[in-house]
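See structure below.
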Amino acid sequence: MAFAARLGSLATELIEAVTGTPTQENVEKSNARRDAILRSLKSHPYLRTNQFEVEKNLDGLQERFRVNLRDELADALDQRRTLLAQTPSKWHPEILFLLLELSDQPTFNSNLADLDELNASDSNNAPEKLSWEDIAREDGWDDDVAIWKNIKYSDSSDEEYYTQDSKSDSEASEVSSEVSAVGRTAEDFIIHPEDIPQLNSIREAQGWRSAKPATDRSGHARKIPVAEFDIARDVLFMLQGLDTTLFGRDGLADPTFQMMNIAWDTHRALIGYFTEAGRQLSVLRKFVAQKQRVSHLQVFHDSVAYRLRSFDNLVTKIQAELVAPKEDVVVSLLRVKGELGSSLEPLYSLSSIVARMQDAPNSGAFRYLELLFEEANLAQLAGKLANYEFLARIFVECFNVYLRPIRLWMDEGKLLPGDKIFFVSEAPSQVPLSKIWSDQFRLRRTADGKLHAPKFLQPAASKIFNAGKNIVVLKKLGRFRSMGSKVITGEPPLDYKTICPVGLELAPFHHLFDAAFDQWIQSKYNTTSTTLRNALFEDCGLWSSLDAMEYLYFMSDGSATESFSSNLFGKLDALSPAWHNRYTLTNTAQEAFALLLDSSRLFVNISPAGLKIPVSEARESVRAALPTVVVSYRLSWPVQMVLSEESISQYQSVFALLLQLKRSLYVLQKQKILERYWTDDDNWNERALYYSLRNSLLWFSNTLQTYMATLVLAPNSAKMRRELQEAHDVDAMIAIHAAFIKRVIDEACLGSRLSPIRECFLDIIDLAIKLEHAEASHTKEVEHLRELAQISVMSSPAPPGTPKARTPRYTRDSDEESGDESQTQPELGKPYLSLLREIKVDFERHLRFICGGLRSVARVTSDAQSAKWDILAEMLEPGSRS
């Protein structure tokens, strides 16, 4: 009951807090509301928050932080849970549960910096400390400097102030030591010397700086004599880039002065050496004074500045020995020259490089690298090993910075946005996946076609270029795992000790660099190239794709090819108007090659030009329709990187020639000779000529087909497969396949140089079609005459001894007989025998031209294909002699 009464009072307070009106004003409504609240509280299904579930969720959140590499966040959560456990409360589970429900992906959206802002807000609430600066700022006397000066009490009427010495100031007040010196005048810095004689001696010793040259009797100005010690001091100051009396800003000596007790020519020669040194160093100092915005120029700028600081430290050391000598020192310009000579000579080379860069500002952002490389080689050839090491070290430092985009490209396949210095550029738009190797990235070149890269780097540019493309393709294939920020242990360092090891000082620098850099490239290049090559062979089906290309375009499987070609030739001979239906052709090809390849990738159609050719014209010549038969096999995009579109068109040319040979053999072998002991034709000479021509055309077609299969296609395919197995990268594979298909085209007489010979091939193949059509027309005519003779004989009684009608020597296939009889037309205007003789003459003429042309082309060329042409001529010569 006590709990119910307490709950009722709490409900009343809740109503008053929400409505804002006392319950006494409207008792009935307040009671109704209170009863509704109590009923809801008594029947609600919600219990208190499960504290163990909350702890489990927090443990899981902490573990999730560590899995996602947010260890700092996990440690901060664990620390605050520990602090919260030290002050227990029954409401902690509810509060933590509420925070968990309100959280939105804390693993990725939480930031530890927000905790620092909370701490900063707590510190801002702390009371501020009062300081003298705040008091001065509020009272307005913080800018009044004279307030800290003591009044000098004297008999004079003017008010004067004097400043106490630093010791009394520091003891008087801490505030006075913090007064700004902005309001101090030049009089405040005057030092009143106590040793006047020493000051006068200094003025007398330095009087030559302001002295005016005297004149001799003839009126010519005399030289102002200067002690060697003073000249040495000005020389050292000048070499450090300071203003001096004897030398101008660029190190030029003032001819007004001359060293004491020395001839003018000797003085001029000695000062001239330091003048040249100052001029060379001024070039470097002006370059150091300029700001560089490009990273690799910044490192060169820093290297020059570091070498100048080292030289200045050496000059300072010499000055210290002269100013505060620890032993007897002879002040001599020759001694200064000897000590600085070895340090100045490398700086001269560096100054020459900077001057050449400034003379040609548009020579390229990496021109200084080329100059450093060249000067290091020249110094080594001249035997100046100190200069060589000096320049080589600077080159290595600068080159390692230039190497950063190269390393990013070779390790991650990425380019820095807006980078115009690296010699690899990306296409502005995305290209198809099959073109990603050839068109997505380009080598940046200058306006005159030169590679936009240092000359010493150009031999390795192709490997660098391909290494990055390997990474890009592997990413597309899902076979690349980024190293991230981890150090690649297999990468050799490219520092001076690695490039120029001890003991190889006499080896040419460019050879040492090439060897070290090639080793560095191979450490990245070999791995990615091997991975991509294996992926193409094993995962992308390069071998199976090459097999499919040979089955389809090289007709390596005779059974499948015969099934497809016979169907096509039968429709042409039957003058079927649907012979070019692409669905029928595709279905026939897929059925024929179903056991050899993935038939779903195979399509056959006729080019638009072939669709306009009448079927009668397509039947009469192999030139008309057969070249328009296009076989397409859909390759995967990684395989298309190796088998380019240009090579597919060359495959199509080989296929067209082989299909034309198949057409010739199909026509010639369609008729079958029966075994008879006697003939049904009285004109045996006519029949013998036909048999001779048919045999010659069969021999020519078989010979050419044998040459293509055994001497062109099979050896080149086997060689190509061996070379692909040994290829080291995709570019090599592309080059091997391109060379293979070019050899096939040339050896098959499909190149531009042998186009007349190829036309003679087609002329002879057309002769086979012409011969069979003439034979079909003649046979039809003979049969027609025989039928008329039989009708006349049947109408009159046959005399005794008349022989029976003879059966023909040829029989036709049942499915082709009716078509051939209806489609053949007699050759009007020419007798059958004359037509046979004309075919024979044309065959012999074309064959002689082919043999002679092949011999001639083989003699005038020295290519590997010329030997094949010579062999083909020998294979065809027996037919030309018969």
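Please read all numbers here as calculations on a predicted model, not as lab measurements.
- The closest side-chain heavy-atom distance from Leu762 to Ser621 is not below 4.5 Å.
- No donor-acceptor pair under 3.5 Å is formed between the side chain of Ser566 and the backbone N or O of Ser563.
- Under the 4.5 Å side-chain criterion, counting only non-hydrogen atoms from C-beta, Trp637 is in contact with Lys476.
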What side-chain donor-acceptor pairs closer than 3.5 Å can you find for residues 458-465, not counting sequence neighbours?
from	atom 1	to	atom 2	distance (Å)
Gln458	NE2	Ala453	O	3.3

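- Atom-to-atom distance recorded for Leu552:CG and Met555:CE is 9.5 Å, nearest 0.5 angstrom.
- Shown here for Ala858 and Ser866, the closest heavy-atom pair between the two residues is CB-O, 3.4 Å.
- By the side chain to side chain donor-acceptor pair (under 3.5 Å) test, Asn534 pairs with no residue at all, sequence neighbours left out.
- Here the side chains of Met641 and Lys435 are not in contact, with every heavy-atom distance at 4.5 Å or above.
- Distance check, rounded to the nearest 0.5 Å: CD of Glu617 to CG of Leu572 gives 12.0 Å.
- Atom CD of Gln660 sits about 10.5 Å away from atom CG of Leu704, to the nearest 0.5 Å.
- A donor-acceptor pair is defined here as one N or O able to donate and one able to accept, closer than 3.5 Å; no such pair exists between the side chain of Arg367 and the backbone of Pro454.
- Closest approach of Ser556 and Tyr551 over heavy atoms only: OG-CD2, 3.0 Å.
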Let me check something: any side-chain donor-acceptor pairs from residues 645-659 under 3.5 Å, sequence neighbours excluded? List them with distances.
from	atom 1	to	atom 2	distance (Å)
Glu646	OE1	Ser644	OG	3.2
Ser647	OG	Ser644	N	3.1
Ser647	OG	Ser644	O	2.6
Ser649	OG	Glu646	O	2.5
Tyr651	OH	His737	NE2	2.9
Gln652	OE1	Val631	N	3.3
Gln652	NE2	Val629	O	2.5
Ser653	OG	Ser649	O	3.3

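- Annotation: side chain to side chain donor-acceptor pair (under 3.5 Å) contacts of Asn702 (sequence neighbours excluded): none.
- For Asp870 (side chain) and Leu854 (main-chain N/O), no donor-acceptor pair under 3.5 Å exists by modelled atom type.
- Proximity of Val730 to Lys469: side-chain heavy atoms (C-beta onward) are nowhere separated by under 4.5 Å.
- For Arg758 (side chain) and Ala748 (main-chain N/O), no donor-acceptor pair under 3.5 Å exists by modelled atom type.
- Expressed to the nearest 0.5 Å, how far CG of Leu876 lies from SG of Cys851 amounts to 5.0 Å.
- Among pairs with a residue in residues 558-571, none fulfils salt bridge (Lys or Arg N to Asp or Glu O under 4.0 Å), at least two apart in sequence or across chains.
- Taking the side chain as every heavy atom from C-beta outward, Val604 and Phe564 approach each other to under 4.5 Å.
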Problem set entry | Trace of the salt bridge (Lys or Arg N to Asp or Glu O under 4.0 Å) decision for Glu375 with Arg356 | CA-CA 12 Å; Glu375 290 295 330; Arg356 291 166 66 181; 3.1 Å; yes
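- For the atom pair CG of Leu750 and CD1 of Ile741, the computed distance is 9.5 Å after rounding to the nearest 0.5 Å.
- Residues Arg623 and Glu759 are paired through a salt bridge, judged by an N-O separation under 4.0 Å between the basic side chain and the carboxylate.
- Judged purely by distance below 3.5 Å, without hydrogens or angles, the side chains of Tyr633 and Asp598 never pair a donor atom with an acceptor atom.
- Residues Leu697 and Ile765 form no side-chain contact, since every pair of their non-hydrogen atoms from C-beta on lies 4.5 Å or further apart.
- For the atom pair Ser529 OG and Gln522 CD, the distance stands at 8.0 Å (nearest 0.5 Å).
- The two residues Asp419 and Pro405 make their nearest non-hydrogen contact at OD2-CB, 3.8 Å.
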For this session: Could you go through the side chain to side chain contact (heavy atoms under 4.5 Å, CB included) check for His510 and Glu374 one step at a time?
Result: CA-CA 9 Å; His510 61 92; Glu374 294 172 1; over 6 Å; no
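- Residues Leu661 and Val622 are not in side-chain contact: their nearest non-hydrogen atoms beyond the backbone lie 4.5 Å or more apart.
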For this session: Applying side chain to side chain contact (heavy atoms under 4.5 Å, CB included), run through Thr628 and His580 and close with a yes or a no.
Result: CA-CA 10 Å; Thr628 64; His580 51 63; over 6 Å; no
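- In this structure a side-chain-to-backbone donor-acceptor pair under 3.5 Å is missing from Lys662 to Thr561.
- Across all their heavy atoms, Arg601 and Ser636 have their closest contact at NH1-N, 3.8 Å.
- The minimum heavy-atom distance between Pro638 and Leu477, with the atom names listed, is CG-CD2, 3.7 Å.
- Ile499 places a side-chain heavy atom less than 4.5 Å from the side chain of Phe509.
- Looking at Asp766 and Arg663, no side-chain N of the basic residue comes within less than 4.0 Å of a carboxylate O on the acidic one, giving no salt bridge.
- Legend: ring pair (Phe, Tyr, Trp, His ring centres under 6.0 Å) pairs involving residues 590-612, not counting sequence neighbours: none detected.
- Put simply, the side chain of Lys868 gets close to the backbone of Leu711: a donor and an acceptor are under 3.5 Å apart.
- In this structure, Arg293 contributes its side chain and Gln298 its backbone to no donor-acceptor pair below 3.5 Å.
- Between the side chains of Asp495 and Thr498, at least one donor N or O sits under 3.5 Å from an acceptor N or O.
- Taking the centre of each ring, Tyr496 and Phe395 stay at or above the 6.0 Å mark.
- Centroid-to-centroid, the aromatic rings of His846 and Phe761 stay 6.0 Å apart or farther.
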For this session: Any chance you could lay out the salt bridge (Lys or Arg N to Asp or Glu O under 4.0 Å) test for Arg445 and Asp448, step after step, and finish with the verdict?
Result: CA-CA 8 Å; Arg445 298 187 179 275; Asp448 54 355; over 6 Å; no
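- Side-chain polar atoms of Asp557 and Ser559 form no donor-acceptor pair below 3.5 angstrom.
- Using a distance-only test at 3.5 Å, with no hydrogens or angles considered, no donor-acceptor pair links the side chain of Thr527 to the main chain of Lys524.
- Taking the six-membered ring wherever Trp is involved, the centroid distance between the rings of Trp409 and Phe441 falls below 6.0 Å.
- Glu397 places no side-chain N or O within donor-acceptor distance of the main-chain N or O of Ala392, the cut-off being under 3.5 Å.
- Side-chain contact check for Asn466 and Trp437: no donor-acceptor pair (N or O, by modelled atom type) lies under 3.5 Å.
- Residue Tyr368 forms a ring pair (Phe, Tyr, Trp, His ring centres under 6.0 Å) with just one option from Tyr402, Phe300, Phe373, and that option is Phe300.
- When atom types are taken as modelled, the side chain of Gln440 and the backbone of Gln430 share no donor-acceptor pair closer than 3.5 angstrom.
- Between Phe517 and Phe399, the distance separating the two ring centers is shorter than 6.0 angstrom.
- If you run side chain to side chain donor-acceptor pair (under 3.5 Å) between Thr584 and each of Asn581, Thr586, Thr588, only Asn581 comes through.
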Exercise. Passes salt bridge (Lys or Arg N to Asp or Glu O under 4.0 Å), Arg721 versus Glu550? Steps please.
Worked result: CA-CA 12 Å; Arg721 289 174 179 269; Glu550 292 181 6; 3.5 Å; yes
